Amino acid sequence: MRAFFGFIVGGLFGAGLLISGMTDTQKVQGWLDIFGDWDPTLAFVMGGAIVPMAIAWRLVPGRAPVLGGTFDAPPDPVVDRKIIVGSVMFGIGWGLVGLCPGPAIASLSFGGFGGFAFLIAMIIGMALAPRAQTMLEHSRAAR
Amino acid sequence: MNSDWLMGLLGGGLIGTAAAMFLLVNGRVMGASGIIGGLVDRTGWHAWQERTALIAGLIVVPALMTMASGVKPTFLTDNLLLIVIAGLFVGIGTRIANGCTSGHGVCGISRLSVRGIAATIFYIGAGGLTVVLFKHILGVI
């Protein structure tokens, strides 16, 4: 059942990414192009996505997930160097080609060789992340 | 209203509904980088079934939709070096920051998480500066 709902969630997520224009790399770069010909579409995508999710969060207290178990624990609410350095790196990659992780997977079937290459590079990056994080921590310790 | 904005709102609503369902039914936060990353570094292997099923849905449904409509809405650059560098940055960055657009952006902002809001400001800011630098100043993209 968990996998069944996982598939439904993934399907809805993919349909939403496709319909909204998040898999269109030009549109994404157009949204990031604040000083050029700015395309505000992605603000509508974000707004449209945040509303149902905000309602869902309000339903969490005092309940358990429908399929049992417990809700993911919220992370430590600290804005540390990892959040900042990681997000800046992510933003640079996102700006360069216009793909973030969700759309990179959602466009696998039609993204061509370039899309496939991006996904492989992203997975390699994810595998290298613990090493990069150690380097980050060491550079802080050295100071 | 511009039809692109309307489709954005509609698509966004579907993304938010998916995230709401994953939270309320499975009890999980729908963050794309966390779901893939947890399979890559094995920290999420205990929940591999729901993770791989989600990824399968995320690939199959857009595939069927584009097959039905014939539209291939991606305009990815053909500069392979740029693609590989960007992929590495996105992979390393989202794992160090512990989230991407779906996790920090959608799931974080909607519960007014300071981390999620800060992460979103930094990745959109860095993305915006990257486009300015590489498009308008260097002319590479």
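From a predicted model like this one, the values you see are computed outputs, not experimental measurements. Chain letters run A, B, ... following the sequence lines, proteins first, then strands; residues in each count from 1.
- Separation of atoms CZ (Phe7(A)) and CG (Leu58(B)) is listed at 10.0 Å; rounding is to 0.5 Å.
- Only the side chain of Ser102(B) comes within less than 4.5 Å of a heavy atom in chain A; its backbone stays farther off.
- Of the residues Thr25(A), Asp24(A), Thr23(A), the one that meets the side-chain contact (heavy atoms from CB on, under 4.5 Å) test with Thr74(B) is Thr25(A).
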Practice task
Check step by step if side chain to side chain contact (heavy atoms under 4.5 Å, CB included) holds for Thr101(B) and Phe90(A).
Solution key: CA-CA 10 Å; Thr101(B) 332; Phe90(A) 163 41; 3.5 Å; yes

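- Distance check, rounded to the nearest 0.5 Å: CG of Leu96(A) to CG of Asn79(B) gives 9.5 Å.
- Contacts between Val28(A) and chain B at a heavy-atom distance below 4.5 Å are absent for every atom of the residue.
- Highest contact tally toward chain A, considering only Gly125(B), Gly8(B), Ala32(B), is held by Gly8(B) [criterion: heavy-atom pairs under 4.5 Å].
- Of the atoms belonging to Val132(B), it is side-chain heavy atoms, and not backbone ones, that fall under 4.5 Å from chain A.
- To the nearest 0.5 Å, the span separating CD1 on Ile83(B) from CE on Met122(A) amounts to 13.5 Å.
- Interface remark: Ile83(A) contributes backbone and side-chain atoms alike to the contact with chain B (heavy atom separation under 4.5 Å).
- Of all the heavy atoms in Ala106(A) and Pro62(B), the pair that sits closest is O-CB, 3.4 Å.
- Linking Ile, Leu, Val, Met, Phe, Trp and Tyr residues whenever their side-chain heavy atoms come within less than 4.5 Å places Phe134(B) and Trp38(A) in a single cluster.
- Side-chain heavy atoms closer than 4.5 Å link hydrophobic residues (I, L, V, M, F, W, Y) into clusters, and following such links, even through other members, never connects Ile92(A) to Leu129(B).
- The line from CD1 of Ile120(A) to CG of Leu88(B) is 11.5 Å long, rounded to the nearest 0.5 Å.
- With a 4.5 Å cut-off on non-hydrogen atoms, Phe22(B) touches chain A through its backbone and its side chain both.
- Heavy-atom pairs under 4.5 Å with chain A were tallied for Lys135(B), Arg51(B), Met30(B); the largest tally goes to Met30(B).
- Contacts of Ile124(B) with chain A are made by both backbone and side-chain atoms, with heavy-atom separations under 4.5 Å.
- Counting heavy-atom pairs closer than 4.5 Å to chain A, the top residue among Leu14(B), Val25(B), Asn98(B) is Val25(B).
- Side-chain atoms of Ile19(A) and Met65(B), non-hydrogen and from C-beta on, do get closer than 4.5 Å to each other.
- Contact detail for Gly12(B) and Ser20(A): the closest heavy-atom pair is N-CB, 4.1 Å.
- The residue among Arg131(A), Arg58(A), Gln26(A), Lys27(A) with the most heavy atom pairs within less than 4.5 Å of chain B is Gln26(A).
- A single hydrophobic cluster is seen to contain both Phe116(A) and Ile55(B), as judged by linkage of ILVMFWY side chains at heavy-atom distances under 4.5 Å, directly or through other members.
- Across every non-hydrogen atom of Pro65(A) and Asn26(B), the tightest pair is CB-C, 4.0 Å.
- In this structure, the separation between CG on Asp72(A) and SG on Cys107(B) is 10.0 Å, given to the nearest 0.5 Å.
- In terms of heavy-atom proximity, Met46(A) sits nearest to Val106(B) at SD-CG2, 4.3 Å.
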Exercise for the section: Determine, stepwise, if the pair Met126(A) / Asp41(B) fulfils side chain to side chain contact (heavy atoms under 4.5 Å, CB included). Expected result: CA-CA 7 Å; Met126(A) 286 175 164; Asp41(B) 65 16; over 6 Å; no

Exercise for the section: Start with the C-alpha distance between Asp33(A) and His136(B), add both sets of side-chain angles, then the distance that settles side chain to side chain contact (heavy atoms under 4.5 Å, CB included), and finish with yes or no. Expected result: CA-CA 9 Å; Asp33(A) 195 2; His136(B) 300 297; 2.7 Å; yes

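- Both the backbone and the side chain of Pro74(A) have a heavy atom closer than 4.5 Å to some heavy atom of chain B.
- Using a 4.5 Å heavy-atom threshold, the side chains of Leu99(A) and Val90(B) count as separate.
- No donor-acceptor pair under 3.5 Å is formed between the side chain of Arg95(B) and the backbone N or O of Ala127(A).
- Each of Ala49(A), Ala129(A), Cys100(A) has some count of heavy-atom pairs under 4.5 Å with chain B, and the biggest count is that of Ala49(A).
- Across Gly47(A), Pro103(A), Pro75(A), Gly98(A), the residue that shares the most heavy-atom pairs under 4.5 angstrom with chain B is Pro75(A).
- Highest contact tally toward chain A, considering only His104(B), Gln49(B), Arg115(B), Arg28(B), is held by Arg115(B) [criterion: heavy-atom pairs under 4.5 Å].
- Taking 4.5 Å as the limit, some side-chain heavy atom of Ile36(B) sits within range of a side-chain heavy atom of Pro101(A).
- Annotation: maximal heavy-atom pairing with chain B below 4.5 Å, among Ile124(A), Ile105(A), Val88(A), occurs at Ile105(A).
- With a 4.5 angstrom heavy-atom cutoff, Val51(A) does not touch chain B via any of its atoms.
- For Ile34(A), the part sitting under 4.5 Å from any heavy atom of chain B is the side chain, from C-beta outward, and nothing else.
- The candidate with the highest count of non-hydrogen atom pairs below 4.5 Å against chain A, out of Ile92(B), Val61(B), Val29(B), is Ile92(B).
- When Phe71(A), Trp57(A), Trp94(A) are compared by the number of non-hydrogen pairs under 4.5 Å with chain B, Trp57(A) comes out ahead.
- Taking all atoms of both residues into account, the shortest heavy-atom contact from Leu9(B) to Phe44(A) is CD1-O, 3.4 Å.
- By number of non-hydrogen pairs under 4.5 angstrom with chain B, the leading residue of Gly93(A), Gly91(A), Gly114(A) is Gly91(A).
- Heavy-atom distances place the side chain of Thr130(B), and not its backbone, under 4.5 Å from chain A.
- Expressed to the nearest 0.5 Å, how far CZ of Arg2(A) lies from CG of Leu54(B) amounts to 12.0 Å.
- Heavy-atom pairs under 4.5 Å with chain A peak, among Thr120(B), Val40(B), Ile96(B), Ile59(B), at Ile96(B).
- Minimum heavy-atom separation, Leu80(B) to Ala117(A): CD1-CB, 3.7 Å.
- Only the side chain of Ile8(A) comes within contact range of chain B, with heavy atoms under 4.5 Å apart.
- In this structure, Val114(B) and Pro77(A) have side chains that are not in contact, with every pair of non-hydrogen atoms separated by 4.5 Å or more.
- Linking ILVMFWY side-chain heavy atoms closer than 4.5 Å, directly or via other members, places Leu81(B) and Leu133(B) in a single hydrophobic cluster.
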Exercise for the section: Decide yes or no on side chain to side chain contact (heavy atoms under 4.5 Å, CB included) for Glu50(B) and Val9(A), but give the supporting numbers first. Expected result: CA-CA 10 Å; Glu50(B) 66 187 352; Val9(A) 166; over 6 Å; no

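- Under the 4.5 Å side-chain heavy-atom criterion for ILVMFWY residues, no single connected hydrophobic cluster contains both Ile117(B) and Ile84(A).
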